[in-house]
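Everything below concerns the one structure shown next.
Each chain gets a letter, A, B and so on, in the order its sequence line appears, and its residues count up from 1. Here the structure is a predicted model, which is why all the values come from computation and not from measurement.
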Amino acid sequence: MVIGLGDLFGRGFGPRAHWIAVPAVFGSLLFSLIAFGSVLSGGPHDLTLYTWAVSGTFQASIGIHVDALTAVMLLLVTIVSSLVHLYTVGYMHGDRGYARFFAYLGLFTFSMLMLVTAANLLQLYIFWEAVGLCSYLLIAHWYERPPAAAAATKAFVVNRVGDFGFALGIFLVFRLVGSLDYDKVFAELPKHAGETISIAGFDLPAVTLIALLLFMGAVGKSAQLPLHVWLPDAMEGPTPISALIHAATMVTAGVFMIARLIPIFNLSAAAMDVIATTGAVTALFAATIALTQNDIKRIVAYSTVSQLGYMVMACGLGASIGGIFHLLTHGAFKALLFLGCGSVIHAMAGEQDLRKMGGLKSRLPVTYVTFYIGALALAGIPPLAGFFSKDEILYRALLSGEVGIVFYGVGAVTSFLTAFYSFRLIYTVFHGPSRVDPKVAASLHESPSVMTIPLIVLAVLSVTVGWAGLPIPGLNGIAAILGPVLAPGETTEPVSGLLWLVMAGSVAVSLAGWMAARYFYLTRPELPKQWAARAAALYRLSLNKWYVDELYDRLFVRPTTRLADRLWRTVDVRTIDEAVNGVGGSTLAGARILRLLQSGQLQHYALVMMVGTFVILTVYLIVR
Amino acid sequence: MVPLSYYVILSTVVFLIGVVGVLIRRNIIIILLSIELMLNAANINFVAFSHYLQNINGQVFVFFVLTVAAAEVVVGLAIIIALYRGKTTVYIENINLMKG
């Protein structure tokens, strides 16, 4: 069954552009629902659209492969994209690049849909790059602003670093297996399990190397440490795309890829350990930064990095069902939080600093309520969605082996921090005395319904989606759907006492975080400053993002710039320019010499003629 | 009989004197003179071969050449006088407007 292939990437139609884009994406949503139903009842579908490259025995085609994992991703992408499209009609109203924005949104949705429906590594990689490109284009939507252009470049370059590893991994797969189709690779690669590849004199285990290289792609795309630096700066882009690409879809492509290729990753325990550790460290690291940020979008951005860490960690621990479940719930409440931020920013006429906000709950009621629901979901408070998915991950972490308790510990601490910064955000923005600039306060208004309706829909989803994955056998829809794809052969376990214990622990941790935030920001709001002053070094570390950007600047950016400068001066100016000018110069010199022939003296010309004639005669006579 | 080669050598020598004159002399009128020399060297050649081949055509042709030479000298002198009117010089090295 064919899914509507996402959106067209249409050209500008001016202020009426949304009439093309919105129906198109809602049409895709409809098709995704149909596809989902079809896969549930019938099983996976395959459709080859176009055979692209045939070379010897290698064949690559662009096509559609829909199984349960793909179907849920399709739903996620189309639902969030549709809501974002609707939201954009209000948020970007009057913007000069209104039509261009919808065009790129459509291009992005198309690329993302083609990515998740890929049946081979080549198509996956093509559209992986394409979504990176769209991210660049959309972050730099207001391209005249230098920070936006710089952020877009940073996003693309950092992404590319990851993609480099990803490409190498794909090359290696091809070298070992000879094909890039998923089914062939999954079938053939286990046969190479013990092999090593000799590179630069070192014998490296082939399958582990492949897994690690492929994971590099996910590190870049899903903003894991150390390639996380682009995501917070990507907040320069308009909020709708922060919600779409940097919360619900593009960044999740990395997690999706790990889940999709889990048969490959399962072959290498070492790689899985690396994946789990990276995810755990990222989750904790990003949460510590989110505690002190003052830009509301940055808080949510670091939260995204942290939650992505959870998902990656889950996949690394063998709980990819949990990882994908969290991906889905996170897509709902994170998009909600971003769109909520957008609503606040829209009302505050562009202000994003929470030190200039406060007491907004009375002026922005719908935004406030939906945002509150999003924060509850993020913090993992039952019965909202975030609780079930996060709890699933924590439970699996505990069960995952000897060091499982470490991963559980990291997850639990991060959970506490997550709840804390979520409610810090709520209390500083919506509660308390108003620190809003009077000029802005006068025009504070709730957003129009094109913006609030998506908020409400996402809020409903944030509450309900979690119920698809209740850990009670028979009611766990997520495990039933994704199990056959991600963990074939595993049977569902009965509910154990440990599970209830973990659930209770999660609730306790989340509530503790919430109450702490309440205490610090509502009851005794003078406390944060005091604590920040007393732990000044830690505070500065957190506020300055642990100086990672500065480190990269020192390590990579400045040497590269210096090298480029040197190359420019010696090669470009001295060598190439000299060569080009030299051609001109030598032509002039030659001409100067030749000009001496033009003496204007008649007798010189006559002499030359005579000499020439005699030479010809002589040669003629000699030849004869 | 005078051998033919004597006449041909004579003609060649006269011709070369004419050529050298064209190339070396400064005065335009002398150059014109040298051109006439070249012409007459060719005439000597004509007559010599006419006598050698016992064919009167050569000598008849000389009449034509001499006539044309006369007309040509008239035209040449007219040009020189027009040139002199503009530049007041008879020295060919000063006529170098086409230099460069």
| query | Hey, which residues of residues 604-615 of chain A are touching chain B, say heavy atoms under 4.5 Å apart? | reply | A:Tyr605, A:Ala606, A:Leu607, A:Met610, A:Phe614
| query | Which one of B:Ile95, B:Asn94, B:Asn96 satisfies the side chain to side chain contact (heavy atoms under 4.5 Å, CB included) criterion with A:Gln601? | reply | B:Asn96
Quick check on [X]: does its [atom1] atom have over 12 non-hydrogen neighbours (other residues, nucleotides or ligands) under 6.0 Å away?
| X | atom1 | value |
| --- | --- | --- |
| A:Tyr125 | OH | yes |
| A:Tyr547 | OH | yes |
| A:Phe174 | CZ | yes |
| B:Tyr52 | OH | no |

| said: Please find the pair of heavy atoms, one from B:Arg26 and one from A:Gln603, that lie closest to each other, and give the distance. | reply: N-NE2, 4.5 Å
| field | Contacting moiety of B:Ile24, where chain A heavy atoms sit under 4.5 Å | value | backbone
| request: Please flag which part of B:Leu97 lies under 4.5 Å from any non-hydrogen atom of chain A: side chain, backbone, both or neither. | output: neither
